[in-house]
Amino acid sequence: MTYREALRLALREELTRDERVFLMGEEVGVFEGAYKVSAGLLAEFGPDRVRDTPISEEGFVGAGVGAAMLGERPVVEIMTLNFLLIAMDQVINHAAKVRAMFGGEVGCPIVIRTPNGAGNQLTAQHSQSFEGWFAGTPGLKVLAPANPADAKGLLKAAIRDDDPVLVVENLPIYKEKGEVPLDPDYLTPIGRAAVARPGRDVTLVSHSFATVRALEVAQRLSQSHGVEAEVVDLRSLRPLDVETVAQSVVKTNRAVCVEEGWPSYGVSAELAARIQSACFDDLDAPVERVGMAEVPLPYSKKLELAAMPGQERIEAAVLHTLGIA
Amino acid sequence: MTYREALRLALREELTRDERVFLMGEEVGVFEGAYKVSAGLLAEFGPDRVRDTPISEEGFVGAGVGAAMLGERPVVEIMTLNFLLIAMDQVINHAAKVRAMFGGEVGCPIVIRTPNGAGNQLTAQHSQSFEGWFAGTPGLKVLAPANPADAKGLLKAAIRDDDPVLVVENLPIYKEKGEVPLDPDYLTPIGRAAVARPGRDVTLVSHSFATVRALEVAQRLSQSHGVEAEVVDLRSLRPLDVETVAQSVVKTNRAVCVEEGWPSYGVSAELAARIQSACFDDLDAPVERVGMAEVPLPYSKKLELAAMPGQERIEAAVLHTLGIA
Amino acid sequence: MPRTLSRSKPAAAKSKPAAKPAAVEPVSAEALATRLAQFEQMCLIRDFEEEAERQYKAARIGGYCHLSSGQEAITVGAVDSMREQDVLVTGYRCHGFALARGVPPQAVMAELFGRRDGCAHGRGGSMHLLDASRGFFGGWGIVAGQLPVATGLALGLVRRRRTAAVLCELGDGAVNMGAWHESLNLASLWQLPIVYLVVNNEYGMGTSVSRASAEPEAFRRAAAFRMHGERVDGDDLDAVLEAAGRLLSIARSERRPAVLEALTYRYRGHSVADAGLAYRTREEIATRRAHDPIDRVAARLAEMGAEEAELTQARERSAQAVAEAVSFAEQSPEPELAALAEGVYAKGSVAQFERMRPGSPFGERELVFDAGLGR
Amino acid sequence: MPRTLSRSKPAAAKSKPAAKPAAVEPVSAEALATRLAQFEQMCLIRDFEEEAERQYKAARIGGYCHLSSGQEAITVGAVDSMREQDVLVTGYRCHGFALARGVPPQAVMAELFGRRDGCAHGRGGSMHLLDASRGFFGGWGIVAGQLPVATGLALGLVRRRRTAAVLCELGDGAVNMGAWHESLNLASLWQLPIVYLVVNNEYGMGTSVSRASAEPEAFRRAAAFRMHGERVDGDDLDAVLEAAGRLLSIARSERRPAVLEALTYRYRGHSVADAGLAYRTREEIATRRAHDPIDRVAARLAEMGAEEAELTQARERSAQAVAEAVSFAEQSPEPELAALAEGVYAKGSVAQFERMRPGSPFGERELVFDAGLGR
Ligand SMILES: Cc1ncc(C[n+]2csc(CCOP(=O)(O)OP(=O)(O)O)c2C)c(N)n1
Ligand SMILES: Cc1ncc(C[n+]2csc(CCOP(=O)(O)OP(=O)(O)O)c2C)c(N)n1
Ligand SMILES: [Mg+2]
Ligand SMILES: [Mg+2]
């Protein structure tokens with residue numbers, strides 16, 4: 001099943017399981033989702049459960065916050081992460097604050113799901129990865145599945161969670177295929193990273209699409225250089241499973257953090273900070289970071305490819321960390 | 001002269017020097033600024049140069065972007081950094097993109113100035129420090145003066161700069177006094193950190209109000225433990241002067257990064273990542289981070305004090321890094 | 001200002017005309033008692049605000065503290081028009097709304113003192129009062145930020161098939177925010193049971209309505225969403241009761257949202273920190289105080305045949321209640337440090353965060369993880 | 001749809017009535033020539049869009065590609081009403097606006113190909129065309145995000161004392177964004193010279209206007225800001241020319257902003273990736289195509305006495321221009337990797353960033369710092 005189908009299955013199962021769950025967002029109904037994640041759900045559950053909205057991110061994200069405060073389980077789709085900037089105040093200054101600011105008297109079990117990522121020449125305004133900003137906000141939880149099984153398991157865990165959760169999906173991997181547990185109660189635990197590939201020479205830490213790339217690179221390095229890279233797929237950015245990352249680095253003594261976003265002040269900065277602190281005596285080389293070149297992403301395919309953290313750049317970073325070449 | 005007066009002087013000088021400069025924001029005119037930074041300027045320069053706005057952050061920040069594209073030099077005041085979330089799309093997806101996205105054909109010399117910071121029991125929605133998010137955005141420049149001289153020098157440098165610049169001020173230090181150069185052409189260079197206090201035992205890296213605290217702690221430690229801490233005041237978060245930080249750490253072999261915001265995925269994460277990479281062989285201890293406890297800031301004075309990175313917590317972190325106590 | 005009605009509105013047409021002044025009707029004992037109770041609520045709010053200002057100046061209350069003295073008729077008139085099942089959402093100027101909704105003065109004062117028995121357990125303070133048990137969902141500090149949330153609460157009521165409505169308070173300054181536009185469009189498009197109460201006290205901080213709004217008659221903006229909008233004299237308790245009651249019941253029964261703009265005046269500065277004289281004259285304030293909404297109710301009560309003694313007793317009871325609120329607040333303990341992180345995440349999240357400890361920022365383990373994160 | 005006028009509007013009242021159909025006037029050679037030129041522009045746009053679709057499907061154009069086939073009368077009518085000093089701002093559906101404003105087809109096609117000679121040097125692509133020398137300031141991709149920017153450009157014109165106005169294009173879906181509300185309030189409050197052109201093509205992606213807007217007659221929303229608003233048949237070139245010309249000149253001379261809603265229809269899907277049939281029927285599209293705006297102008301030209309040959313030549317020239325644009329684009333070189341970071345910051349920022357190199361993420365030195373950051 002594809003990553004897209006896994007998300008759809010998660011939505012269908014939760015819509016079926018819990019009357020309080022409903023979807024809301026631009027084009028989720030009649031159009032069946034800008035990226036077809038919600039295809040068929042309007043027909044199956046009707047317009048009260050699958051609600052098309054005007055283009056009003058601030059309005060309907062906030063509406064999700066309010067509905068959640070009353071105990072509903074809104075699952076709000078934002079067409080791409082870039083547009084969440086418009087609802088920033090509702091997410092950071094409202095959803096994230098509800099429970100603590102009101103002394104624990106009310107909760108806000110909203111789920112916001114949206115794809116991040118670049119590629120396909122979508123240019124500067126449509127190719128960004130801001131998930132680190134949300135992961136840095138107490139009160140929020142941030143998940144980022146990298147494969148179909150986790151897409152289903154994490155989205156379901158998010159919907160059942162009692163706190164506001166941002167589920168960051170990824171455009172390029174909507175079509176990726178993989179095994180997906182059909183058990184309707186299968187959940188991926190929040191706050192648990194996964195060792196996506198065991199290895200002994202170096203640890204690649206990543207999330208979302210960067211994990212897919214990291215796995216490809218690990219494969220190549222095994223063949224080309226006999227280097228066995230361990231790939232830790234974070235899956236959850238807040239809570240962040242530093243424990244699993246540290247265990248791996250203690251074993252490999254080297255780490256390369258890969259992300260699709262801009263590394264400076266990004267997710268990989270936090271990872272490097274945590275690793276150097278948790279594994280200070282175990283590191284044989286500085287923690288390396290690879291991500292998007294720090295420019296607003298240009299349209300030209302040639303420039304876009306060069307700017308993105310592709311296999312070549314990741315591989316070069318790993319070899320550099322290993323002192324090879 | 002106070003930090004507030006230094007900012008006011010910078011504004012007055014630039015308004016006088018350049019017809020294209022104008023101020024815009026809520027209460028900057030008749031009310032003379034929510035925190036009185038623009039006091040007297042409406043009377044002196046009139047309503048076209050000092051423009052009161054409705055409460056419409058998205059609208060008038062965007063208006064600043066447009067005016068800047070035409071070559072004007074808008075200086076937009078946001079009452080506090082917290083409200084900039086509402087204009088996030090205009091700052092991140094517009095101001096920061098203009099030059100690169102349009103192939104260098106147009107610029108956007110806008111200045112957004114706003115105080116960040118906590119204290120005074122302003123509670124969860126009004127006590128935040130998001131500057132790292134902007135510092136992580138290519139296309140923007142982010143400055144954060146920690147004393148009156150830099151308040152004047154950096155704000156003037158920002159206004160004369162040809163790119164969009166966010167100047168992060170700080171509520172608690174508006175009243176701090178210090179020497180301020182009166183030369184109307186005195187500027188603080190963008191991208192240059194300052195060694196605010198020389199020392200040999202440990203490096204404290206900070207910006208904005210955290211620098212004020214770091215200096216107090218350095219003073220105390222010198223007396224109480226004979227520890228001589230070097231304090232590096234970043235002044236600029238993007239461009240980030242890693243060079244100065246690294247030079248200091250190479251000398252002291254230990255670093256504590258202090259910030260008023262939440263450290264996880266925050267400014268201190270980037271600093272730790274940079275330091276461990278640039279000074280890998282020079283570090284005698286992991287880079288330590290001290291910041292706001294990672295909770296939405298509670299109202300209770302007792303809880304607020306405990307959550308903030310006060311002198312005690314900073315001092316403890318430094319001693320911990322030095323292996324003392 | 002003239003009480004004009006929006007032209008864009010089926011609802012207005014249909015709705016029965018404003019009730020005639022009660023004076024000409026025979027006054028039932030019940031009506032008298034109700035009006036007396038409302039008078040007492042208004043006194044309670046006024047006394048509470050004045051006490052809050054004293055306590056703030058005595059540094060026992062911190063943060064921003066926004067008082068509503070002069071706006072009591074709107075507060076009491078609108079909230080008393082609500083049913084138990086209805087939901088209340090407000091901005092940061094919320095002491096009066098909390099009290100009118102029945103939140104005990106002790107719990108409100110204790111919150112301002114930042115104490116454990118405060119309605120938000122000392123976590124929210126003056127701007128973030130709430131009482132979910134009474135359907136009061138805050139107390140929000142971002143101008144207009146409460147509108148999308150309130151709109152979503154109305155959507156929640158519909159999904160739960162409750163015959164109830166949301167009353168959402170906002171200021172005249174909030175009507176220029178994009179959140180107003182998006183919220184009202186959704187409310188009208190989805191036929192949500194919500195009344196947006198625009199408390200027009202003529203200023204947003206130091207900016208008068210005409211300097212901020214291209215359409216200073218805020219209620220007219222409802223027409224942009226084919227929504228009913230109207231304006232009342234917010235210092236006339238009867239007028240507010242009639243309009244709010246009518247619009248809330250239309251919202252409840254016909255799921256038709258509306259904008260109710262109520263004209264009033266804020267006696268004190270924007271917050272206790274603002275003298276409130278930089279942008280308006282002493283004369284202006286004096287003129288408005290001359291038509292004090294509480295005095296007006298007192299006069300109505302006299303017409304209705306209330307004894308002077310009853311009014312005096314009401315005044316005494318409210319003063320008494322505020323005094324008790326203060327001593328209660330003084331005695332209430334401060335929140336425990338060991339619980340700093342409680343309530344940041346839902347109970348049961350502990351396990352999710354356990355593995356985040358390694359490499360934590362300095363102090364995070366004790367201050368946050370051990371202080372109840374997810375507990 | 002009916003051509004109703006907003007009732008809220010002094011301007012409309014004052015403004016002279018719409019020009020009568022030119023047919024009844026004696027047709028000057030000049031008028032004929034102008035109309036012929038406009039016809040050619042419309043053909044150019046249509047041909048360009050169809051070619052862009054072919055090139056996209058041939059994978060020589062990437063990203064999102066939004067075509068405006070069917071909307072040519074609005075584009076040409078509005079842009080031809082602009083003066084040289086005026087400023088143009090649009091959303092992402094901007095090929096036609098760029099061409100109408102005089103940006104050479106070569107520069108536009110080269111941009112779609114991501115080449116160095118593109119109007120944004122291959123950095124912007126289909127959604128981010130611009131030509132500052134012609135007062136075209138983009139080409140923006142966030143729905144309604146261009147409104148505050150355009151409003152600020154109008155403020156800039158005022159500060160520079162230019163007698164000029166801004167034409168800001170947006171779609172019917174954009175009128176539900178908060179940015180619309182905040183921008184129009186500022187424009188009216190500050191009397192800015194700007195005309196907001198709402199291109200109502202009946203759908204925002206797959207959502208029809210009535211499913212998105214509580215007030216589907218977008219122009220009426222201008223009243224919420226005491227601003228003039230009106231609606232025209234956007235497929236009638238004469239009507240668009242008259243209305244846009246009148247409103248732009250009022251904006252220029254009287255500094256009165258306005259909303260002009262133009263009704264039209266988008267023939268193709270939302271973008272080339274969308275078949276455009278999930279939310280509307282083939283019949284609906286066919287009906288609309290039957291009243292093609294280009295055919296309508298052709299008919300008018302016939303009435304005006306234009307020769308069939310002249311129309312044929314115009315069609316040939318536009319086809320020719322598009323063909324040349326393609327070969328120009330093919331030959332234009334790709335941007336240099338060594339210049340990846342040029343234009344991210346103003347020239348002269350190099351020194352500011354020099355000290356940021358230590359500890360940089362892997363590859364940052366070569367890719368960004370050495371590739372012209374701040375150069
Ligand atoms: C988005 C945002 N911008 C600015 C502020 C600062 N601020 C707090 S209250 C206020 C004025 C609001 O005036 P109004 O809506 O009329 O309400 P009132 O204070 O009169 O009750 C402002 C500007 C804020 N809290 N939120
Ligand atoms: C804030 C935001 N939300 C969502 C999108 C995705 N999106 C791009 S175009 C579009 C529809 C806009 O429709 P309309 O305004 O009618 O313009 P049209 O495409 O019909 O020209 C949407 C939802 C976006 N670009 N920006
Ligand atoms: Mg007000
Ligand atoms: Mg449309």
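In what follows, chains carry the letters A, B, and so on, assigned in the order in which the sequence lines appear, proteins first and then strands, with residues in each chain numbered from 1.
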A.B. asks: B:Ile275 versus chain D, heavy atoms under 4.5 Å apart: side chain, backbone, both or neither?
C.D. replies: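 Nothing of B:Ile275, per the 4.5 Å heavy-atom cut-off to chain D.
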
A.B. asks: With chain D as the partner, which of B:Ser56, B:Ala68, B:Ala67, B:Ala278 has the greatest number of non-hydrogen pairs under 4.5 Å?
C.D. replies: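 Winner by heavy-atom pair count: B:Ser56.
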
A.B. asks: When heavy-atom pairs shorter than 4.5 Å are enumerated against chain D, which of B:Gly191, B:Gly59, B:Pro138 gives the highest number?
C.D. replies: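 Heavy-atom pair counts peak at B:Gly59.
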
A.B. asks: Which region of B:Asp241, side chain (C-beta onward) or backbone (N, CA, C, O), has a non-hydrogen atom less than 4.5 Å from a non-hydrogen atom of chain D, or is it both or neither?
C.D. replies: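 Both parts, backbone and side chain.
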
A.B. asks: Does D:Ser188 reach the main-chain N or O of D:Leu184 with its side chain, forming a donor-acceptor pair under 3.5 Å?
C.D. replies: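 It does not hold such a pair.
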
A.B. asks: Using non-hydrogen atoms only, which part of B:Gln90 is less than 4.5 Å away from chain D: side chain, backbone, both, or neither?
C.D. replies: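 B:Gln90 touches chain D through side-chain heavy atoms alone.
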
A.B. asks: Go through the side-chain N and O atoms of D:His66 and D:Ser126 and say whether any donor and acceptor fall under 3.5 Å apart.
C.D. replies: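 Their side chains do not contain a donor-acceptor pair, so the 3.5 Å distance test is not met.
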
A.B. asks: Please rank B:Lys97, B:Gln276, B:Arg192, B:Arg51 by heavy-atom pairs under 4.5 Å with chain D and give me the top one.
C.D. replies: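 That would be B:Arg51.
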
A.B. asks: Given that the side chain runs from C-beta out, which part of D:Leu189 has a heavy atom under 4.5 Å from chain B: side chain, backbone, both or neither?
C.D. replies: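 Just its side chain gets close to chain B.
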
A.B. asks: Using non-hydrogen atoms and a 4.5 Å limit, figure out which bit of D:Ser360 sits close to chain B: side chain, backbone, both or neither.
C.D. replies: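 Answer is both: backbone and side chain atoms of D:Ser360 are under 4.5 Å from chain B.
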
A.B. asks: Is a donor from one side chain sitting under 3.5 angstrom from an acceptor on the other, for D:Ser349 and B:Lys141?
C.D. replies: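 Note: D:Ser349 and B:Lys141 side chains meet the donor-acceptor criterion.
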
A.B. asks: Is it the case that the side chain of D:Arg115 and the backbone of D:Glu334 share a donor-acceptor pair, with hydrogens and angles ignored and the cut-off at 3.5 Å?
C.D. replies: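 Such a contact is absent between D:Arg115 side chain and D:Glu334 backbone.
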
A.B. asks: If you count heavy-atom pairs under 4.5 Å with chain B, which of D:Met127, D:His128, D:His121 comes out on top?
C.D. replies: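 Among the listed options, the one with the most contacts to chain B is D:His128.
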
A.B. asks: At a heavy-atom separation under 4.5 Å, does B:Arg20 approach chain D through its side chain, its backbone, both, or neither?
C.D. replies: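 Contact with chain D: backbone and side chain both.
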
A.B. asks: Under 3.5 Å, is there a donor-acceptor pair linking the side chains of B:Thr252 and B:Glu230?
C.D. replies: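 The criterion, which ignores hydrogens and geometry beyond distance, is not satisfied for B:Glu230 and B:Thr252.
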
A.B. asks: Mind ranking D:Ala351, D:Gly343, D:Ala341 by heavy-atom pairs under 4.5 Å with chain B and telling me who comes out on top?
C.D. replies: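 Of the options given, most contacts go to D:Gly343.
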
A.B. asks: Mind ranking B:Thr53, B:Leu140, B:Val106 by heavy-atom pairs under 4.5 Å with chain D and telling me who comes out on top?
C.D. replies: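 Among the listed options, the one with the most contacts to chain D is B:Leu140.
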
A.B. asks: Looking at D:Thr151, D:Leu186, D:Leu373, which one has more heavy-atom pairs under 4.5 Å with chain B than the rest?
C.D. replies: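 The residue among D:Thr151, D:Leu186, D:Leu373 with the greatest pair count is D:Leu186.
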
A.B. asks: For D:Leu247, run the side chain to side chain contact (heavy atoms under 4.5 Å, CB included) check against D:Leu197, D:Val195, D:Val259 and tell me which one passes.
C.D. replies: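 Going through D:Leu197, D:Val195, D:Val259 one by one, the side chain to side chain contact (heavy atoms under 4.5 Å, CB included) with D:Leu247 is satisfied by D:Val195 alone.
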
A.B. asks: Pick whichever of B:Val98, B:Val245, B:Ile55, B:Leu70 has the most heavy-atom pairs under 4.5 Å with chain D.
C.D. replies: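 If we count pairs closer than 4.5 Å to chain D, B:Leu70 comes out on top.
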
A.B. asks: Is it the backbone or the side chain of D:Gln146 that comes under 4.5 Å from a heavy atom of chain B, or both, or neither?
C.D. replies: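 Only the backbone of D:Gln146 comes within 4.5 Å of chain B.
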
A.B. asks: Backbone N or O of B:Pro47 within a donor-acceptor pair of the B:Arg49 side chain at under 3.5 Å?
C.D. replies: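 Answer holds: no.
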
A.B. asks: Side chain, backbone, both or neither: which part of B:Ser236 has a heavy atom under 4.5 Å from chain D?
C.D. replies: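 Neither part, no heavy atoms under 4.5 Å.
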
A.B. asks: So if I apply the side chain to side chain contact (heavy atoms under 4.5 Å, CB included) rule between D:Trp190 and each of D:Leu155, D:Asn185, D:Val158, which one comes out positive?
C.D. replies: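 It is D:Leu155; the other options fail the test.
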
A.B. asks: Find the one option among D:Gln352, D:Glu111, D:Lys347 whose heavy-atom pairs under 4.5 Å with chain B are most numerous.
C.D. replies: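 Among the listed options, the one with the most contacts to chain B is D:Gln352.
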
A.B. asks: Examine whether an atom of B:Phe280 lies under 4.5 Å from a heavy atom of chain D, and if so say whether it belongs to the side chain, the backbone or both; otherwise answer neither.
C.D. replies: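 Nothing of B:Phe280, per the 4.5 Å heavy-atom cut-off to chain D.
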
A.B. asks: Check for a donor-acceptor pair, side chain of B:Asp162 on one end and backbone N or O of B:Pro109 on the other, with a separation under 3.5 Å.
C.D. replies: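 No; zero donor-acceptor contacts below 3.5 Å.
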
A.B. asks: Would you call the rings of B:Phe102 and D:Trp140 parallel, tilted or perpendicular, taking 30° and 60° as the class edges?
C.D. replies: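 Aromatic pair B:Phe102/D:Trp140 classed perpendicular.
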
A.B. asks: D:Arg357, D:His181, D:Met356: which one forms the most heavy-atom pairs within less than 4.5 Å of chain B?
C.D. replies: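 Among the listed options, the one with the most contacts to chain B is D:Met356.
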
A.B. asks: Between D:Ala346, D:Pro361, D:Ala120, D:Ser133, which has the largest tally of heavy atom pairs under 4.5 Å with chain B?
C.D. replies: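 Max contact count across the listed options: D:Ala346.
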
A.B. asks: Just by distance, no angles: are the side chains of D:Arg355 and B:Thr244 close enough, under 3.5 Å, to form a donor-acceptor pair?
C.D. replies: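 Yes, a side-chain donor-acceptor pair sits under 3.5 Å.
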
A.B. asks: D:Gln331 and D:Asp117: side-chain donor and acceptor closer than 3.5 Å?
C.D. replies: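 Side chains of D:Gln331 and D:Asp117: no pair found under 3.5 Å.
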
A.B. asks: Please tabulate, one pair per line, all N/O donor-acceptor pairs under 3.5 Å involving side-chain atoms of residues 100-107 of chain D, not counting sequence neighbours.
C.D. replies:
| unit_1 | atom_1 | unit_2 | atom_2 | d |
| --- | --- | --- | --- | --- |
| D:Arg101 | NE | D:Arg134 | O | 2.8 |
| D:Arg101 | NH1 | D:Arg83 | O | 3.4 |
| D:Arg101 | NH2 | D:Arg83 | O | 3.2 |
| D:Arg101 | NH2 | D:Glu84 | O | 3.0 |
| D:Arg101 | NH2 | D:Asp86 | O | 3.0 |
| D:Arg101 | NH2 | D:Arg134 | O | 3.2 |

A.B. asks: Mark yes or no for whether D:Arg123, through its side chain, and B:Gly104, through its backbone, hold a donor-acceptor pair below 3.5 Å.
C.D. replies: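 The answer is no, because no donor-acceptor pair under 3.5 Å joins these two groups.
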
A.B. asks: Please state whether the side chain, the backbone, both or neither of D:Ala150 comes within less than 4.5 Å of a heavy atom of chain B.
C.D. replies: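 Neither the backbone nor the side chain of D:Ala150 comes within 4.5 Å of chain B.
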
A.B. asks: Out of B:Gly103, B:Ala63, B:Pro239, which one racks up the most heavy-atom pairs below 4.5 Å with chain D?
C.D. replies: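 Greatest number of close heavy-atom pairs with chain D: B:Pro239.
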
A.B. asks: Given a strict heavy-atom distance threshold of 4.5 Å, which part of B:Glu57 is in contact with chain D: side chain, backbone, both, or neither?
C.D. replies: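 Just its backbone gets close to chain D.
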
